[in-house]
Amino acid sequence: MIREADFLLMEELLSEEEKIIRDTTRRFVEREVLPIVAKHYEKGTFPYELIPKVAEVGLFGITTPPEYGGAGASYFSYGLACQELEWCDSGLRSLVSVQNSLCMYPIHAYGSEGQKQKYLPKMATGEIIGCFGLTEPDAGSDPASMRTTAKKVKDGWVLNGNKTWITNAPIAHMAIVWAKTEEGVRGFIVERGTEGFETPEIKEKMSLRFSPTGEIVLEDCFVPEENLLPGSSVGMKAPFSCLTRARYGIAWGAVGMAAFCYEKALSYAKERIQFGRPLASFQLIQQDLADMLTEITKCQLLVYRVGRLFDEGRASHVMVSMAKRASTMMAYRVVRKAREILGGNGISLEYHVIRHLCNSETTTTYEGTNKIHALILGRHITGISAFK
Ligand code: TGC
Ligand code: FAD
């Protein structure tokens with residue numbers, strides 16, 4: 001499935017259409033992103049010129065129906081694309097995850113027909129980039145404790161509060177903001193340019209440096225009635241359903257990250273001579289490579305099965321939690337082994353592994369930390385909630 005580490009011949013399980021989506025995505029990242037990613041990572045900048053190119057390959061709105069400008073592809077194909085994107089960089093996959101799962105999905109699932117017509121086609125072309133505001137300074141793992149409020153006024157709502165650690169906030173044209181109304185949490189579309197809406201950038205982060213991250217500051221921000229997502233039920237179910245889709249993409253992406261680093265470590269170990277022999281000839285290095293390939297293969301099987309179940313409508317959000325947690329933890333370990341095999345070169349951006357290593361600090365944190373996913377699984381297994 002991922003060419004670098006397809007030990008169990010999973011390629012044979014893909015349809016021709018799935019192979020085309022995977023290979024088109026790989027060609028795109030190899031040509032357009034891999035050559036520039038290290039430079040931008042070092043500077044902490046994002047190449048805006050990439051956005052129309054990402055759209056041209058069909059990576060925005062992959063699962064959105066064609067009548068709204070999307071590709072109408074399966075979630076399995078979406079997973080394959082995420083894997084190829086994160087083979088290059090987690091921030092690149094984040095750009096696509098947020099646009100697809102956290103912005104286009106809620107508009108398609110919970111938006112009015114007018115909202116779908118207004119936003120989705122332009123989001124598919126990249127003319128509109130979205131961001132998703134759930135996390136707050138005092139509400140991270142427990143977003144239900146959010147403080148952001150939406151007060152009903154004539155013809156609309158007034159939003160007040162702060163969201164933080166929001167991917168793409170500094171570059172987004174609009175935000176999906178979750179806020180507490182008198183009845184409970186609801187979703188709102190807030191467009192850039194609205195008075196009382198600011199998105200200061202979070203600088204000096206040492207992970208996901210290829211991805212713009214910011215805050216959303218809402219100060220007496222008036223949002224017209226037509227910007228409420230009408231189909232979202234009151235409460236956390238709607239925002240959580242978006243998280244499930246983004247977590248699913250991260251689970252696939254982490255396999256791509258690990259496969260990149262495995263391949264890099266393998267070729268390095270074959271070429272690098274120490275004690276008169278290639279590193280790959282030493283038993284301890286062979287053990288590391290065996291562990292890396294085995295771990296990647298186990299997670300390939302996991303995301304493959306969850307992907308197929310997703311398209312059959314049979315994947316529960318707990319299955320997705322297992323896949324997100326297992327896959328990102330696997331990548332965390334595999335990337336560290338790769339970095340060690342590369343010795344001093346392992347910390348050079350030229351070899352890309354240190355970039356993946358720093359990114360793995362975020363992929364095990366956002367979209368629910370590994371501990372939170374363990375507790376989601378624990379609640380499912382025992383029937384006892386550790387949260388309340
Ligand atoms: P809880 O009682 O668990 O659930 C309330 C209702 O929602 C349902 N539900 C879900 N539905 C769909 N998908 C899911 N993933 C769901 N999780 C829960 C649940 O069945 C229930 O329904 P009902 O009918 O019984 O009312 O609510 P809780 O408040 O106790 O939640 C606990 C917990 C820990 C599971 C939840 O707070 C959680 O998942 N916390 C983690 C927070 C998180 O993941 N934040 C992510 C922010 S976005 C982000 O990080 C983007 S990074 C993007 C990128 O750059 O790639
Ligand atoms: P906390 O919730 O404060 O957790 C701190 C530590 O305590 C963690 O180790 C956690 O596992 C542990 N912990 C918490 N509760 C428990 C418990 N009950 N039992 C045991 N341990 C516990 N959010 C968005 O809404 N939109 C975005 O686009 C977005 N993008 C992000 C991009 C980046 C680069 C990053 C780093 C984060 C992003 N986030 C986004 C926020 C992300 O979802 C949160 O950081 C994450 O959910 C964890 O919340 P927190 O940082 O507040 O940590």
Side-chain angles (χ1 to χ4, degrees), residues 1-13 22-23 25-27 29-31 33-42 83-93 206-210 251-304 326-364:
M1 253 201 322
I2 180 124
R3 281 163 293 187
E4 287 71 18
D6 188 10
F7 187 65
L8 293 186
L9 313 180
M10 295 182 72
E11 179 81 10
E12 294 170 10
L13 303 175
R22 179 198 60 179
D23 295 344
T25 310
R26 173 62 70 90
R27 269 197 305 279
V29 297
E30 277 178 343
R31 279 184 203 159
V33 198
L34 201 57
I36 60 166
V37 66
K39 184 186 75 185
H40 282 286
Y41 199 90
E42 186 170 17
Q83 176 184 264
E84 299 303 318
L85 292 166
E86 200 148 357
W87 177 87
C88 180
D89 190 83
S90 304
L92 179 65
R93 196 264 311 127
M206 298 311 291
S207 174
L208 247 79
R209 290 176 59 73
F210 190 66
W252 276 90
V255 173
M257 173 200 283
F260 179 98
C261 294
Y262 164 76
E263 175 72 5
K264 198 57 129 186
L266 175 59
S267 60
Y268 192 88
K270 283 180 176 168
E271 283 162 21
R272 174 83 175 159
I273 308 291
Q274 288 297 292
F275 301 99
R277 292 158 55 183
L279 292 180
S281 69
F282 297 113
Q283 290 174 351
L284 290 174
I285 300 285
Q286 289 188 7
Q287 184 179 31
D288 275 349
L289 292 167
D291 287 345
M292 289 158 88
L293 181 59
T294 307
E295 291 237 339
I296 293 169
T297 303
K298 286 193 281 189
C299 283
Q300 277 193 298
L301 289 166
L302 185 55
V303 296
Y304 175 89
S327 206
T328 55
M329 286 174 79
M330 174 280 291
Y332 190 90
R333 291 189 294 268
V334 166
V335 171
R336 273 154 185 77
K337 278 194 193 294
R339 177 259 161 279
E340 195 185 359
I341 290 172
L342 266 66
N345 287 327
I347 68 157
S348 163
L349 278 174
E350 188 189 335
Y351 289 81
H352 300 291
V353 172
I354 188 68
R355 180 168 50 77
H356 281 302
L357 188 148
C358 292
N359 286 342
S360 73
E361 293 292 345
T362 289
T363 54
T364 49

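Along the sequence shown, residues are numbered consecutively beginning with 1. Not measured: the values here are computed from a predicted model.
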Non-hydrogen atoms of Met330 and Ala258 that approach each other most closely
SD-CB, 3.6 Å
Rounded to the nearest 0.5 Å, what separates atom CG in Leu357 from atom CZ in Arg336?
4.0 Å
Pairwise distance OH(Tyr268) to CD1(Ile341) - rounded to 0.5 angstrom:
10.5 Å
Side chain to side chain donor-acceptor pair (under 3.5 Å) contacts in which one or both residues fall within residues 253-264, not counting sequence neighbours
none
Check whether Thr364 reaches the backbone of Ser360 with its side chain - one donor and one acceptor, N or O, closer than 3.5 Å.
yes
Could you tell me whether Ile36 atom CD1 has more than 12 heavy atoms of other residues or ligands within 6.0 Å of it?
yes
Ala254 and Ala331: which non-hydrogen atoms are nearest, and at how many Å?
O-CB, 3.5 Å
Kindly say whether Ser207 contributes a backbone atom to a donor-acceptor pair with the side chain of Asn359 at under 3.5 angstrom?
no
Kindly say whether Glu42 contributes a backbone atom to a donor-acceptor pair with the side chain of Arg209 at under 3.5 angstrom?
yes
SB check Glu340 Arg333 (cutoff 4.0 Å):
no
So, taking the atom named CZ in Arg355 and the one named CG in Leu208, what distance separates them when rounded to the nearest 0.5 Å?
10.5 Å
Nearest heavy-atom contact between Cys299 and Ala326 is SG-O, 3.8 Å
Between Phe260 and His356, what is the ring plane arrangement, given parallel below 30°, perpendicular above 60°, and tilted in between?
tilted
When Leu289 is tested against each of Leu293, Ile285, Asp291 for side chain to side chain contact (heavy atoms under 4.5 Å, CB included), which residue passes?
Ile285
Quick one: do Val255 and Glu86 satisfy side chain to side chain contact (heavy atoms under 4.5 Å, CB included)? Show the steps, please.
CA-CA 8 Å; Val255 173; Glu86 200 148 357; over 6 Å; no
Side chain to side chain donor-acceptor pair (under 3.5 Å) pairs touching residues 277-288, sequence neighbours excluded, are Arg277-Ser281, Asp288-Lys337
Atom NE2 in His352, atom CG in Leu342: separation rounded to 0.5 Å?
11.0 Å
With the side chain counted from C-beta on, respond yes when Arg93 and Trp87 share a heavy-atom pair under 4.5 Å apart, and no when they do not.
no
Search all heavy atoms of Gly346 against all heavy atoms of Ile354 and return the closest pair with its distance.
O-CB, 3.3 Å
The reported gap from CD in Gln83 to OG in Ser327 (rounded to nearest 0.5 angstrom) is 9.0 Å
Side chains of Met292 and Leu266: does their closest heavy-atom pair fall under 4.5 Å?
no
Heavy-atom closest pair, residues Val29 and Cys88
CB-CB, 4.0 Å
Do the side-chain N and O atoms of Asp89 and Tyr41 include a donor-acceptor pair separated by under 3.5 angstrom?
no
Output the distance between atom NE2 (His40) and atom CG (Leu92), rounded to the nearest 0.5 Å.
12.0 Å
May I ask you to check whether over 12 heavy atoms, not counting those of Ile273, lie within 6.0 Å of atom CD1?
yes
Please assess Glu350 against Asn345 for the test side chain to side chain contact (heavy atoms under 4.5 Å, CB included), listing each intermediate value before the final yes or no.
CA-CA 8 Å; Glu350 188 189 335; Asn345 287 327; over 6 Å; no
Give the minimum heavy-atom separation between Val303 and Trp252, together with the two atoms involved.
O-CZ2, 3.3 Å
